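Comments concern the structure below.
Since we're looking at a predicted model, the values are computed, not measured.
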Amino acid sequence: MATHSHHHGHDHEHHDHHGHSDELGGHSHAPASFGRAFIIGIGLNAAYVAIEAFWGFAVHSTALLADAGHNLGDVLGLAGAWFASWLSRRAPNSAYTYGLRRSSILAALANAVILLVVTGGIAWEAVQRLIHPEPTGGRVIMVVAIAGVLVNGITALMFMSGRKGDLNIRGAFLHMAADASLALGVAIAGAVIMATGWLRIDPAVSLGISIVIVIGTWSLLRDSVSLALDGVPRGADPSKVEAYLRSLPGVSEVHDLHIWGLSTSDIALTVHLTCDTTNATLEHLPGEIKKRFGIGHTTIQVETSEAAERCALRPVDVV
């Protein structure tokens with residue numbers, strides 16, 4: 001663990017930067033294991049979009065065409081998430097000293113926006129068809145939609161294991177799970193149309209599922225916007241981190257504490273600690289912070305009381 005001191009532009013005489021573990025704070029390898037899932041998911045869904053669009057035109061089904069448009073948006077979302085996961089593994093350089101891991105945050109945000117916009121279009125179409133129902137082929141709708149349940153369900157399962165640890169993977173999972181649910185609703189609507197001839201069931205089911213999708217996507221939008229604005233990642237508690245740092249032997253003050261997301265799966269921390277005596281525990285502090293709080297990229301600046309008095313970043317309202 002390297003430790004070095006040098007002069008700093010904030011009037012600090014000496015400070016220490018402690019190294020960090022690569023497991024969480026270095027290059028994230030979590031999305032890499034989903035590369036095959038992205039490829040298979042994109043291929044399956046692109047093929048299904050073509051089939052669904054063909055039969056939608058063939059039987060004049062606006063439900064199938066709307067779902068095909070929804071799935072096309074998801075194919076683009078998957079491609080964007082895959083590209084972001086590839087970018088996030090590129091090594092840092094002089095222009096991007098943290099690498100391009102934040103691209104996964106942008107992809108998650110784009111995923112949420114695309115899903116909400118496309119779902120809004122489907123809901124609007126459903127309302128129009130409730131007012132003016134159109135004749136369509138129930139059997140074809142049911143068969144094609146069941147195929148969609150299988151395609152989207154299989155794709156969602158491939159991302160299920162990573163949905164809690166990476167917001168980008170979670171976005172892909174939500175996309176596919178939402179598509180499977182929507183396809184199931186369309187299949188049920190097709191069966192009811194076959195049995196009763198009631199055309200309004202199709203837009204009614206689509207409208208209900210659209211509401212469910214919006215509710216499920218809201219948390220993804222909220223979390224990705226928060227990360228894009230350097231908000232504290234969900235699950236990280238700054239007050240607990242500060243309390244732990246204040247409890248360390250020899251530490252008299254903690255200030256300029258910042259916690260933010262380097263990517264959808266990596267968390268970083270910087271902090272100033274006032275410590276007038278040599279503290280051997282600080283050497284192991286980054287590893288301890290990672291173990292206790294899941295924060296893998298930790299930078300600690302150690303200051304004497306005299307240096308802390310002159311620290312321009314000491315006031316709470318200064319960033």
Side-chain angles (χ1 to χ4, degrees), residues 28 30-53 63-64 66-86 88 104-105 107-123 141-190 205-206 208-224 234 264-265:
S28 172
S33 60
F34 291 91
R36 179 175 296 179
F38 277 119
I39 294 173
I40 295 174
I42 291 170
L44 283 176
N45 282 273
Y48 179 65
V49 165
I51 294 171
E52 192 174 31
L64 286 179
D67 194 44
H70 184 200
N71 279 294
L72 178 60
D74 287 349
V75 168
L76 297 177
L78 274 179
W82 181 34
F83 183 60
S85 71
W86 174 76
S88 69
S104 61
I105 297 174
L109 178 58
N111 246 344
V113 172
I114 290 173
L115 189 54
L116 289 174
V117 169
V118 173
T119 302
I122 292 174
I141 291 176
M142 183 178 67
V143 173
V144 174
I146 288 175
V149 173
L150 294 175
V151 168
N152 292 306
I154 290 172
T155 308
L157 286 174
M158 290 190 294
F159 292 108
M160 180 178 288
S161 64
R163 72 189 189 282
K164 293 183 179 179
D166 189 320
L167 196 64
N168 202 27
I169 300 299
R170 178 174 151 205
F173 170 78
L174 284 176
H175 265 280
M176 295 302 103
D179 282 356
S181 301
L182 186 59
L184 179 60
V186 173
I188 293 172
V205 169
S206 297
I209 294 175
S210 295
I211 294 173
V212 173
I213 292 174
V214 170
I215 294 173
T217 305
W218 185 252
S219 63
L220 175 66
L221 178 66
R222 180 194 61 213
D223 291 349
S224 55
R234 182 178 291 272
T264 52
S265 59

message: Just to verify, what does Arg234 make a side chain to side chain donor-acceptor pair (under 3.5 Å) with, not counting sequence neighbours?
response: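 So Arg234 forms a side chain to side chain donor-acceptor pair (under 3.5 Å) with Asp223.
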
Inter-residue atom distance [X].[atom1] - [Y].[atom2], 0.5 Å rounding:
X	Y	atom1	atom2	answer
Thr119	Ile114	OG1	CD1	11.0 Å
Tyr48	Leu150	OH	CG	9.5 Å
Ile146	Ile188	CD1	CD1	9.5 Å
Leu174	Thr217	CG	OG1	6.0 Å
Leu44	Met158	CG	CE	6.0 Å

Can you list everything that forms a side-chain contact (heavy atoms from CB on, under 4.5 Å) with [X]? Sequence neighbours excluded, please.
X	result
Leu221	Leu109, Ala112, Val113, Leu116, Trp218, Val225
Leu182	Asp67, His70, Ile122, Ile209
Ala145	Val186, Ala187
Ile42	Val75, Leu78, Ala79, Trp82

Could you pull out the closest heavy-atom pair between [X] and [Y], with the gap in Å?
X	Y	result
Gly148	Ala183	C-CB, 3.8 Å
Ala53	Ala68	N-CB, 4.0 Å
Ala177	Ala156	N-CB, 3.8 Å

message: Any heavy-atom pair between the side chains of Arg36 and Ile39 that's under 4.5 Å?
response: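 With C-beta onward as the side chain, the pair stays apart.
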
message: I need the full list of side chain to side chain donor-acceptor pair (under 3.5 Å) pairs touching residues 146-157, with sequence neighbours left out, sorted by first then second residue.
response: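 Non-adjacent pairs meeting side chain to side chain donor-acceptor pair (under 3.5 Å): Asn45-Thr155.
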
field: Those residues that, when tested against Trp86, pass ring pair (Phe, Tyr, Trp, His ring centres under 6.0 Å) (two or more places apart)
entry: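 Expected list: Phe83.
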
